[in-house]
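In what follows, a structure is listed as structure tokens, so that the remarks can point back to it.
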Number of protein chains: 4
Amino acid sequence: MSAGKQMGLRAQRKAQRPNEILDAAFEEFVERGYVATRVEDIASRVGVTKGTIYFYFDTKERLFEEMLRRISVSFSDVSAYAKTLSGPYSERIRAFLRMAYDRIVLDRNTRELLRFVIAEGARFPQVVDRHHEEFIVPLMDATQKLFEDGVAAGELRDAPAIKIPDTVIGAAVTLCISKMIFADRIPQDVDAFFEAHMDVILHGLMAKD
Amino acid sequence: MSAGKQMGLRAQRKAQRPNEILDAAFEEFVERGYVATRVEDIASRVGVTKGTIYFYFDTKERLFEEMLRRISVSFSDVSAYAKTLSGPYSERIRAFLRMAYDRIVLDRNTRELLRFVIAEGARFPQVVDRHHEEFIVPLMDATQKLFEDGVAAGELRDAPAIKIPDTVIGAAVTLCISKMIFADRIPQDVDAFFEAHMDVILHGLMAKD
Amino acid sequence: MSAGKQMGLRAQRKAQRPNEILDAAFEEFVERGYVATRVEDIASRVGVTKGTIYFYFDTKERLFEEMLRRISVSFSDVSAYAKTLSGPYSERIRAFLRMAYDRIVLDRNTRELLRFVIAEGARFPQVVDRHHEEFIVPLMDATQKLFEDGVAAGELRDAPAIKIPDTVIGAAVTLCISKMIFADRIPQDVDAFFEAHMDVILHGLMAKD
Amino acid sequence: MSAGKQMGLRAQRKAQRPNEILDAAFEEFVERGYVATRVEDIASRVGVTKGTIYFYFDTKERLFEEMLRRISVSFSDVSAYAKTLSGPYSERIRAFLRMAYDRIVLDRNTRELLRFVIAEGARFPQVVDRHHEEFIVPLMDATQKLFEDGVAAGELRDAPAIKIPDTVIGAAVTLCISKMIFADRIPQDVDAFFEAHMDVILHGLMAKD
DNA sequence: GATGAATGAGGATTCATTCAT
DNA sequence: AATGAATGAATCCTCATTCAT
């Protein structure tokens, strides 16, 4: 019944080739950056030769862009997620921020995407723009909305950070970068970091009773 | 009496050549990254030819490393700075963080250094290590010390963030990155950001009276 | 009774494949030359894929050679044609030269064949040799014979051009080249050219009465 | 006093490099055509390496174009030459056509230029246009003018070829092509050809007395 | 000190050809 | 018969580096 059963082994492999290549490209571009990565490196990683890469992707540039598209899972759903939250705002914020940490710090794709934005942004300006539109804006908007709702509910203080949620999310981004640049050499205790961060945030934002 | 006075203008200029080159190298490497920057680009910016660059620097790699050294002003003095602070800890923290913002967010060299750490870290691991030793550790240590003193003085709450000051400094790093990747396209109001951040931090860390 | 009647449409089409391919090859090779023409270009023009071309032709080189063979209609019959002519030599020459013009200037295959001889002669020396044997020699021999007969008949002057008929045929070749290189950008009035040429030739070759 | 004395050997050689390269490029492009000629072939012929070629010429295309410019000696002066002629028109035509033969048939540059026009015209349309403007038009105009003057002087018949001088010049072009494609394999007796051609032309164009 | 011609290794891309399906 | 994925040799062009002047 499955499509797989109707495809020959070769056909199955073939259908996966573009994704195999994009995955290999991701690893190589992460390791060496756009310019220093050779198309042949990517081919070797897949176990094919240069020519095969060009059979599926016109240019190295295109390959890079499609790889980015593949790893870029937009944050446009976080707003919907915030709406599913209920209970006291201290709990909602915790849940929301935990989700943010999971997606920003723990998701390798998102982490390395930030590396590409920083390292290749000058070469691929549209990558920076897309990152802003699909990641930063949705996340900040959702966070701000959550905060404003908390203020309206009388549970949060009307702090200036309500309007500049970057001041709160920022710590997660920085942790993401630390994980990215130090990898395993300097391990990061994400949970402890998250708890310490939450503690400051909640103490800093909760309305005095 | 100074050496400068005894040099002709031309001689002075020549004595400055290495620095001119390093400055030009900085701009070019920032724009294009290590691999994509051509030695000739740097030479053109200085107004000399390739050969001249090689008179002063053995290789492109060396040039890159020395450029990094030139822009890397260590943070090892921030601990001394913290010691000069007096008065209530809320004020000390404000002054200390303001200094941190100035050096992390507003100083272009520090900002772009972070770009190099992220973009070229795989190629120049020692840059990552140095960045850790000379920037992150001194800054975190001094911050932590300041917080611990505040706790000891009974002015700060013994929050878990005291031991993980990255949770506090993180926002500044993220703002630095925003300025870096968006440049002038998306202006950042550093002062407003700082005030909003301070507000959360102080409310979050001050001991209840 | 013919094979065609017993074949289905599809079978007929298939039987024509080699010729379709040769025709497409002709167009592509004319447009881009041997080296710059890709086997895939030819395949696209036929509406098949590369592999199909290789089913019918071993190599691109072979394909080129067979295409040449297809368009090369030998001039070995012009001598027979000359023998069919009768009447005064002025009329015979006019008829013969008109035939030469038709075949050299107006026949696209012959025209482009000359292009291949000039453009690819170094790569395919046998093409040059064949062109000499099958086109130039038969045409010149027949022309010379016609002229000599005219002289023997006392109708033509025993001009040195009788032995070097290229001096007469040359104009047609040049017109062929003009048509070839300028195509429609600079239209050539073949009839006017022919008449003007004939006029000089006849005045130049006829015996004085 | 000579410039040569003031240049070092190296400097002299350097100043000649572009021309050496263009000459080598001419030979290689003649032999193999534009596409099949490798930049490295040209470099080898000069005795340098690829890189050197690119030091002087941006691209292979540019190199080809400049090579063409180098070998293209315009025919715009033939009209002035015609004006220097005096005496009976039979003599003027002989002198003029001899000059045309010398420049069209015997000048290797002009000969091979025609090869490029035919072989590379589709790739470099401007070459075809330039050839028309700088070679064909000036030559035809001058020839026509000479013929018309001869008619006006009552020495030449008002033949239709007067207005279509290509019918006369054509033979020279064809001889040029023969020399080009057969090179030494089939030697051409240019003088005999010229004389035979002249004989027909003069008999064909002279007014009856 | 500075120049810039020259080198040559390296990398993106193309394309004739093969072959399993 | 036909397809099209895969190969790998070939070729344009770049650029770090050298070195004679």
Side-chain angles (χ1 to χ4, degrees), chain A residues 7-11 13-15 17-18 35-43 46-63, chain B residues 10-11 13-15 17 35-43 46-63, chain C residues 10-11 13-15 17 35-43 46-63, chain D residues 7-11 13-15 17-18 35-43 46-63:
Chain A
M7 276 199 217
L9 266 177
R10 189 159 297 225
R13 182 143 190 99
K14 211 187 302 182
R17 265 291 138 82
V35 184
T37 295
R38 297 177 310 143
V39 172
E40 201 161 11
D41 294 334
I42 297 170
V46 179
V48 298
T49 56
K50 269 181 308 197
T52 303
I53 305 295
Y54 282 96
F55 183 80
Y56 292 98
F57 301 93
D58 277 354
T59 61
K60 182 182 168 184
E61 198 173 321
R62 267 282 229 291
L63 174 53
Chain B
R10 189 162 303 200
R13 179 153 182 97
K14 276 183 188 173
R17 264 292 141 81
V35 183
T37 295
R38 298 178 311 146
V39 173
E40 198 159 15
D41 294 333
I42 297 169
V46 180
V48 298
T49 55
K50 272 189 298 194
T52 304
I53 306 293
Y54 281 93
F55 182 80
Y56 292 100
F57 301 93
D58 278 355
T59 63
K60 182 183 169 184
E61 200 173 320
R62 268 283 228 289
L63 173 54
Chain C
R10 191 163 300 202
R13 179 154 182 95
K14 276 182 189 174
R17 265 291 140 81
V35 183
T37 294
R38 299 177 310 146
V39 172
E40 199 160 14
D41 294 333
I42 297 168
V46 179
V48 298
T49 55
K50 273 188 297 192
T52 304
I53 305 293
Y54 280 93
F55 182 79
Y56 293 99
F57 302 93
D58 277 355
T59 63
K60 181 183 170 185
E61 200 173 321
R62 268 282 227 288
L63 173 53
Chain D
M7 275 198 218
L9 266 177
R10 189 159 295 227
R13 182 142 190 97
K14 210 189 302 184
R17 264 293 136 81
V35 183
T37 295
R38 298 178 309 143
V39 172
E40 201 159 11
D41 294 334
I42 298 169
V46 180
V48 297
T49 55
K50 266 181 311 193
T52 303
I53 305 295
Y54 283 98
F55 183 78
Y56 292 99
F57 301 93
D58 276 355
T59 61
K60 182 182 168 183
E61 198 173 322
R62 267 279 229 290
L63 174 53

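Numbers restart at 1 for each chain; the letters A, B, ... are given by sequence-line order, proteins then strands. As a basis for the values below, the full set of heavy atoms in this structure was taken, side chains included, without hydrogen atoms, waters or symmetry mates.
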### Task
Ignoring the backbone of D:Thr49, work out which of F:dT7, F:dA2, E:dG8 is nearest its side chain.
E:dG8
## Note on the structure
note: C:Lys60, atom NZ; F:dA10, atom C1'; distance rounded to Å ~ 13 Å
### Summary
Testing E:dT13, E:dG8, E:dA16 for proximity to the side chain of A:Thr59, the answer is E:dT13
#### Entry: Options F:dG8, F:dC12, E:dA12, nucleotide nearest the side-chain atoms of D:Val39
F:dC12
#### Entry: Rounded distance in Å - CD1 (A:Ile53) to P (F:dT7)
9 Å
#### Entry: First encountered from the 5' end of DNA chain E, between D:Gly47 and A:Val35
D:Gly47
### Message
Can you measure C:Arg38 atom CZ to F:dG4 atom P for me and round it to whole angstrom units?
### Response
15 Å
### Message
Strictly below 4.0 Å: does B:Tyr56 bring a side-chain N or O up to OP1 or OP2 of E:dA2?
### Response
yes
### Message
Under 4.0 Å, counting only non-hydrogen atoms across every strand here, what does D:Phe57 touch: a base, just sugar-phosphate, or nothing?
### Response
nothing
Which donor-acceptor pairs under 3.5 Å do side chains of residues 47-58 of chain A form with protein atoms, sequence neighbours excluded?
from	atom 1	to	atom 2	distance (Å)
A:Thr52	OG1	A:Thr49	O	3.4

### Message
Between E:dT13 and A:Lys50, counting only base atoms on the nucleotide and side-chain atoms on the residue, is there a donor-acceptor pair under 3.5 Å?
### Response
yes
### Query
Do the side-chain N or O atoms of B:Thr52 get closer than 4.0 angstrom to the phosphate oxygens (OP1, OP2) of E:dA2?
no
### Message
Looking at every heavy atom in both B:Thr37 and B:Lys60, which two are closest together, and how far apart are they?
### Response
O-NZ, 2.8 Å
#### Entry: Comparing D:Glu40 and B:Ala36 on DNA chain F - which has the more 5′ nearest nucleotide
D:Glu40
#### Entry: Results of side chain to side chain donor-acceptor pair (under 3.5 Å) for B:Arg62 - residues two or more places apart only
none
### Message
Which is more 5' along DNA chain F, the nucleotide nearest B:Thr37 or the one nearest A:Gly51? Just name the residue.
### Response
A:Gly51
## Note on the structure
Between CD of A:Glu61 and C1' of E:dG11 the distance, given in whole Å, is 15 Å
### Query
Given atom CG of B:Asp41 and atom P of F:dT14, what is their separation to the nearest angstrom?
13 Å
### Summary
Picking from F:dT14, E:dA6, F:dA6, the nucleotide nearest the side-chain atoms of D:Tyr54 would be F:dT14
### Task
Both distances under 3.5 Å, Watson-Crick or G-U wobble: on that basis, could you give the dot-bracket string for DNA chain F, with [ ] for crossing pairs and | for other-strand partners?
.||||||||||||||||||||
#### Entry: Nearest-Å distance for atom pair CG/C1', residues B:Asp58 and F:dA16
13 Å
### Atom-to-atom span, CD1 of D:Ile42 to P of F:dC12 - whole angstrom
8 Å
